[in-house]
Amino acid sequence: YMKINNLIIISIILISFIVGIYLYPTMPEIMASHWNSQGEVNGYMQKFWGLFIMPIMSVGLFLMFSLIPKIDPMKENIKKFREYFDTFIVILILFLFYIHLLTIFWNMGFKFNMTRFLVPSMGILLFYCGILIEKAKRNWFIGIKTPWTLSNDEVWDKTHKRGGKLFKICGVISFLSILFPNWAIFFTIIPIIFTSLYLFIYSYLEYKKIT
């Protein structure tokens, strides 16, 4: 299963580079690369980075995530949810590839509201984060890491069970924000902030109950 996932990831990254190389001669020297909450361009970069920053980031993230299960002091716990972790990496690389393609299409002259196209994919990513969080066992790199979850398996499990549900809800809210494109980015960011703060406090309270 892991080998199949790695093959998929490597294929996506190679396609990203091939697309960038193929389109390089035809793309503008300065490319739109950043959009505000209203989906309007507010940032630019040189053509090389516009075409290759996402593939390069994908390589870096793939290498980093491949290393984590080998160097984590609690790597035996990672094995217990490795299948979900590997699937998360595939989804994340697909997400970056999607952003890569959106950026290219925009700079080829196809004008659209970037936020409207982006937030559904963020919703899917967040929803799967919820699935991964529910399955994650105590480790140093993956999951909701507070001093209290890292100190106790029971606190970890309770926090992640609740956190998984909340991140799934965040994903659904983000996905549905496509109906409100002018506010879509806020429908994504604000629930994540509140969820993170809540889980931080929740993990502390759960720890206090058992100490």
Side-chain angles (χ1 to χ4, degrees), residues 5 8-9 12-13 16 32-43 45 50 53-55 57-58 60-62 64-65 68 81 83-107 110-136 139 141-146 149 156-203:
N5 278 351
I8 293 170
I9 290 167
I12 294 168
I13 292 173
S16 297
S33 60
H34 192 271
W35 289 259
N36 62 23
S37 61
Q38 306 304 309
E40 301 163 342
V41 179
N42 66 351
M45 61 175 55
I53 191 168
M54 285 301 171
M57 281 179 58
S58 297
L61 287 169
F62 176 50
M64 182 186 75
F65 283 127
I68 283 172
F81 64 97
E83 182 178 329
Y84 295 95
F85 178 54
D86 289 341
T87 302
F88 168 76
I89 302 171
V90 174
I91 293 172
L92 178 62
I93 298 300
L94 276 170
F95 175 70
L96 295 178
F97 182 55
Y98 179 64
I99 295 174
H100 182 58
L101 293 179
L102 287 179
T103 302
I104 287 172
F105 281 128
W106 176 280
N107 285 279
F110 298 95
K111 298 298 184 264
F112 49 86
N113 187 309
M114 181 64 80
T115 304
R116 178 173 283 181
F117 277 79
L118 188 57
V119 290
S121 63
M122 293 175 68
I124 293 169
L125 182 63
L126 282 171
F127 190 89
Y128 192 81
C129 282
I131 294 174
L132 176 62
I133 286 169
E134 283 183 331
K135 301 297 181 180
N139 70 94
F141 290 99
I142 307 154
I144 303 160
K145 297 177 293 297
T146 73
T149 57
W156 175 283
D157 290 340
K158 285 185 176 181
T159 302
H160 282 69
K161 184 177 180 181
R162 182 159 298 194
K165 291 187 174 81
L166 291 174
F167 268 90
K168 287 178 183 178
I169 292 170
C170 287
V172 172
I173 292 171
S174 178
F175 191 88
L176 293 177
S177 68
I178 191 173
L179 302 173
F180 310 95
N182 291 336
W183 299 94
I185 199 70
F186 300 106
F187 276 79
T188 300
I189 293 173
I190 292 174
I192 292 174
I193 292 173
F194 275 101
T195 294
S196 301
L197 287 172
Y198 170 78
L199 291 171
F200 183 83
I201 297 168
Y202 176 81
S203 66

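For the atom pair Met57 CE and Leu96 CG, the distance stands at 5.5 Å (nearest 0.5 Å). Note that the CG atom of Asn5 and the CZ atom of Phe62 stand 9.0 Å from one another [nearest 0.5 Å]. Here the straight-line distance linking atom CG of Leu126 with atom CD1 of Ile91 works out to 11.5 Å at 0.5 Å rounding. Put simply, CE on Met122 and CD1 on Ile192 are 6.0 Å apart, with the number rounded to the nearest 0.5 Å. Taken to the nearest 0.5 Å, the CG atom of Leu199 stands 13.0 Å off from the CZ atom of Phe194. To the nearest 0.5 Å, the span separating CG on Asp86 from CG on Leu132 amounts to 10.0 Å.
For Thr115 against Ala184, the heavy-atom pair with the smallest separation is CG2-CB, 3.7 Å. For Phe97 against Ser16, the heavy-atom pair with the smallest separation is CD1-OG, 3.0 Å. In plain terms, the two heavy atoms of Gly50 and Thr103 that are nearest each other are O-CG2, 4.4 Å. Here the closest non-hydrogen pair linking Ile185 and Val119 is N-CG1, 4.4 Å.
A 4.5 Å side-chain heavy-atom check between Asn139 and Trp156 finds at least one atom pair inside the cut-off. The side-chain heavy atoms of Pro55 and His100, taken from C-beta on, include a pair separated by under 4.5 Å. Put simply, the side chain of Ile133 does not reach to within 4.5 Å of the side chain of Tyr84, judged on heavy atoms. At least one side-chain heavy atom of Ile131 sits less than 4.5 Å from a side-chain heavy atom of Phe127. Inter-residue side-chain proximity for Phe88 and Leu125 is flagged as met; some heavy-atom pair is nearer than 4.5 Å.
With sequence neighbours left out, Phe187 forms a ring pair (Phe, Tyr, Trp, His ring centres under 6.0 Å) with Phe180. The side-chain contact (heavy atoms from CB on, under 4.5 Å) search around Thr146 returns Ile144, Trp148, Thr149, Phe200, Ser203, not counting sequence neighbours. Considering only residues two or more places apart in sequence or on other chains, Ser174 meets the side-chain hydrogen bond (donor to acceptor under 3.5 Å, both in side chains) condition with Thr188. Evaluation of the side-chain hydrogen bond (donor to acceptor under 3.5 Å, both in side chains) rule for Asn42 yields His34 as partners, not counting sequence neighbours. Contacts of Asn36 classified as side-chain hydrogen bond (donor to acceptor under 3.5 Å, both in side chains), with partners at least two apart in sequence or in another chain: Glu40. Among residues two or more places apart in sequence or in another chain, the side-chain contact (heavy atoms from CB on, under 4.5 Å) test is passed with Ile124 by Phe175. For the side-chain contact (heavy atoms from CB on, under 4.5 Å) test, residues two or more places apart in sequence or in another chain that qualify with Leu176 are Val172. For Ile68, the side-chain contact (heavy atoms from CB on, under 4.5 Å) test picks out Phe65, Ile78, Phe141, Ile142, with sequence neighbours left out. Judged as a ring pair (Phe, Tyr, Trp, His ring centres under 6.0 Å), and not counting sequence neighbours, the contacts of Trp106 are Trp35, Phe112.
Listed by first and then second residue, the salt bridge (Lys or Arg N to Asp or Glu O under 4.0 Å) pairs that reach into residues 192-202 come to none, sequence neighbours excluded. The side-chain hydrogen bond (donor to acceptor under 3.5 Å, both in side chains) analysis of residues 160-171, with sequence neighbours excluded, yields the pairs Glu134-Lys168, Arg162-Tyr198. Evaluation of the salt bridge (Lys or Arg N to Asp or Glu O under 4.0 Å) test over residues 175-185, restricted to residues two or more places apart or in two chains, returns none.
Surrounding CZ of Phe117 are at most 12 heavy atoms belonging to other residues, nucleotides or ligands under 6.0 Å away. In the displayed structure, Lys145 atom NZ is contacted under 6.0 Å by more than 12 heavy atoms of other residues, nucleotides or ligands.
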Item to check | Ile99 vs Phe95, side chain to side chain contact (heavy atoms under 4.5 Å, CB included): CA-CA, chis, key distance, verdict | outcome: CA-CA 6 Å; Ile99 295 174; Phe95 175 70; 3.5 Å; yes
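Here the side chain of Tyr128 pairs no donor or acceptor atom with the backbone of Leu92 at under 3.5 angstrom.
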